[in-house]
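For reference, the structure is listed below as structure tokens.
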Amino acid sequence: MAEIFVSESKFEPVEMIRASRLVVRMGRALLTAGSGSYRVKTVMQQAGAALGMTSIHAQVTINEITATCHRGAIYRTEVAQSSTIGVNSDRIGLIQNYCEELEPAPENASAAEIGARMDELEAFLDEVEARPHLYHDIANSLFAAVACAAFAFLNDGGIFEILAVFCGAALGQYVRRLMLHRGLNQLAVTMIAAAVASFLYLAIANGLYSAGVVETLHESGYVSAVLFLVPGFPLITAALDLSRLDFSAGMSRLSYALMIMISAALSLWAVSAVLGLEPSPPEPLDLNGALFLSPRLVASALGVWGFAMIFNSPWKVALIAAGIGMIANTARLVIVDQGMFVQGAAFIAGLIVGVLSNLIAPRLNIPRITLSVPAVVIMIPGAAGYRSIFYLNAGDTLQALTYGFNAIFVVIAVAVGLTFARSLTEQHWLDGAK
């Protein structure tokens with residue numbers, strides 16, 4: 001039996017097996033960080049070329065990779081799956097920058113040279129996967145609070161409502177992080193976090209109302225308190241994947257994003273039903289255009305910065321994204337004030353974000369997605385999406401459809417703007433998947 005085993009092992013492509021596993025592992029590491037399928041396939045091709053692969057053909061969904069690696073007449077198919085779905089901008093930057101520096105292996109590369117490269121890739125992946133998040137859970141919760149407080153202002157909340165949103169979002173995100181670290185189901189965690197954030201907001205708002213500090217509960221404010229749950233990365237990467245006709249990746253990401261939003265919306269509806277509230281839009285703040293511009297710029301920048309930090313972005317990346325988002329979102333709001341329909345304004349804002357991100361990112365060696373997604377998340381009408389679910393459960397179909405279609409078309413308009421910008425500034429974007 002031993003002789004038979006030794007004889008068969010001579011024909012087993014051991015190095016090919018190791019190389020293909022490293023290629024898939026590289027793709028999986030980027031996939032779990034939230035990157036789109038286009039970039040996942042690109043880094044796999046770069047890693048494969050560095051290890052002497054002839055070609056890599058991959059099929060990618062939001063949590064699964066099926067890849068066939070070719071080396072001459074030999075090929076091997078690997079399947080990898082991950083139960084973790086999240087966002088880590090720091091990891092995206094590390095992996096993309098590392099793979100950009102990889103040189104394809106020469107045709108006459110020796111086994112020793114390929115082996116040394118595999119050792120290097122393996123060590124890099126070990127380091128990346130062991131790397132902790134840049135910010136502690138408490139800091140991450142405060143970033144979410146800043147982002148949602150900025151949303152509250154942009155949604156016409158006053159100072160006391162903004163403070164209540166800050167507290168609700170901070171506790172909701174902290175609970176969410178703790179539960180996710182324990183490996184609990186993401187949909188259940190989303191519902192619990194939404195309930196915690198909205199209940200705390202309402203408790204604070206009710207206390208202020210009872211004390212006579214405020215004249216209204218600002219009922220719609222509890223929607224702003226849960227906007228940290230808006231799945232911005234999956235929504236935008238889904239749209240970008242679909243624009244390249246990558247339906248397996250795009251539809252799986254879109255389904256995941258919708259399930260997260262529906263889970264949060266159902267939790268909000270339950271809170272509304274128990275307390276008898278209705279998340280109708282508040283009255284606009286009584287500020288003239290010139291006086292309103294500066295707070296809008298600040299709120300837009302803080303909202304984008306907060307989301308970028310939630311996504312584990314380095315400080316430099318978060319600040320650049322905040323600058324881009326500040327310009328684009330304020331321009332969107334001003335254009336809407338001038339009478340343009342919201343979808344057209346969203347397209348223009350997405351185009352601005354896309355062009356600025358695609359011009360700045362390559363010069364600073366930053367992945368485009370880590371700038372563009374945080375910059376447009378603040379434009380996603382999460383409040384409209386949540387109100388759509390509320391009115392649907394309440395039986396008001398007309399209101400549900402109005403808010404729902406408004407949210408859908410705004411997201412589509414932003415995504416079209418990003419796609420159009422990328423097709424103008426990135427040479428291979430409109431080519432078929434490689």
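Worth knowing before you read on, the calculation uses all heavy atoms, side chains too, and leaves out hydrogens, waters and symmetry mates. Quantities reported herein were computed from a predicted structural model and do not represent experimental measurements.
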Problem set entry | Verdict with supporting geometry, N97 and E101, side-chain contact (heavy atoms from CB on, under 4.5 Å) | CA-CA 7 Å; N97 291 338; E101 298 297 324; 5.9 Å; no

At what distance, to the nearest 0.5 angstrom, does [atom1] of [X] lie from [atom2] of [Y]?
| X | Y | atom1 | atom2 | answer |
| --- | --- | --- | --- | --- |
| S263 | I192 | OG | CD1 | 11.0 Å |
| T419 | I236 | OG1 | CD1 | 9.0 Å |
| I65 | M26 | CD1 | CE | 11.5 Å |
| L364 | I320 | CG | CD1 | 5.0 Å |
| S141 | H136 | OG | NE2 | 9.5 Å |
| L121 | L102 | CG | CG | 5.5 Å |

For this session: Any salt bridge (Lys or Arg N to Asp or Glu O under 4.0 Å) involving residues 132-142? Give me the pairs, sequence neighbours left out, ordered by first then second residue.
Result: D137-R177

For this session: Flag yes if more than 12 heavy atoms outside M259 fall under 6.0 Å of its CE atom; otherwise flag no.
Result: no

Exercise. Should we say atom OH of Y135 is surrounded by more than 12 heavy atoms from elsewhere, each under 6.0 Å from it?
Worked result: yes

Nearest heavy atoms of [X] and [Y], plus distance in Å:
| X | Y | value |
| --- | --- | --- |
| V336 | A345 | CG2-CB, 3.6 Å |
| G27 | M44 | CA-CG, 3.6 Å |
| V226 | A197 | CG1-CB, 3.9 Å |
| S357 | I324 | OG-CD1, 3.8 Å |
| R91 | A33 | CD-CB, 3.8 Å |
| A321 | T370 | CB-O, 4.3 Å |

Flag, side chain of [X] to backbone of [Y], donor-acceptor distance under 3.5 Å:
| X | Y | answer |
| --- | --- | --- |
| S20 | I17 | yes |
| T77 | T68 | no |
| S267 | A195 | yes |
| N312 | L134 | yes |
| N329 | A375 | no |

For this session: Please test V60 against L31 for side-chain contact (heavy atoms from CB on, under 4.5 Å), starting from the C-alpha separation and ending with a verdict.
Result: CA-CA 9 Å; V60 179; L31 183 66; 3.8 Å; yes

For this session: Anything under 30° is parallel, anything over 60° is perpendicular, the rest tilted; go ahead and classify F151 against F307.
Result: perpendicular

For this session: If the plane angle is over 60° it's perpendicular, under 30° parallel, otherwise tilted; pick one for H70 and H57.
Result: perpendicular

Problem set entry | Check against side-chain contact (heavy atoms from CB on, under 4.5 Å), S252 and E64 | CA-CA 10 Å; S252 62; E64 188 175 276; over 6 Å; no

Assess, by modelled atom type and distance only, whether the side chains of [X] and [Y] contain a donor and an acceptor separated by less than 3.5 Å.
| X | Y | answer |
| --- | --- | --- |
| S248 | Q59 | yes |
| S89 | S313 | yes |
| Q46 | Y98 | no |
| T32 | S82 | no |
| S37 | D246 | yes |
| Y201 | E161 | no |

Table please: side-chain donor-acceptor pairs of residues 165-176 below 3.5 Å, with sequence neighbours left out.
residue, atom, partner, partner atom, Å
Q173, OE1, R176, NH1, 3.1
Q173, NE2, N140, OD1, 2.6

Exercise. Do you know which of W315, W305, F311, F228 makes ring pair (Phe, Tyr, Trp, His ring centres under 6.0 Å) with F143?
Worked result: W305

Flag side-chain contact, heavy atom, 4.5 Å: [X] against [Y]:
| X | Y | value |
| --- | --- | --- |
| L184 | L180 | no |
| L30 | I92 | yes |
| L302 | V298 | yes |
| V304 | S300 | no |
| R253 | P231 | no |
| R18 | L51 | no |
| V353 | M379 | yes |
| M261 | L235 | yes |

Problem set entry | Ionic contact status for D241 with R39, cut-off 4.0 Å | no

For this session: Determine, for R296 against D337, whether the closest basic-nitrogen to carboxylate-oxygen distance falls under 4.0 angstrom.
Result: yes

Exercise. Taking only residues two or more places apart in sequence or in another chain, which ones pass salt bridge (Lys or Arg N to Asp or Glu O under 4.0 Å) with E129?
Worked result: R25

Exercise. What do the steps show when you test I366 against I360 for side-chain contact (heavy atoms from CB on, under 4.5 Å), and what is the final call?
Worked result: CA-CA 8 Å; I366 298 171; I360 294 171; 5.7 Å; no

Exercise. Does the salt bridge (Lys or Arg N to Asp or Glu O under 4.0 Å) test come out yes or no for D126 and R131, once each step is laid out?
Worked result: CA-CA 9 Å; D126 288 341; R131 183 181 175 91; over 6 Å; no

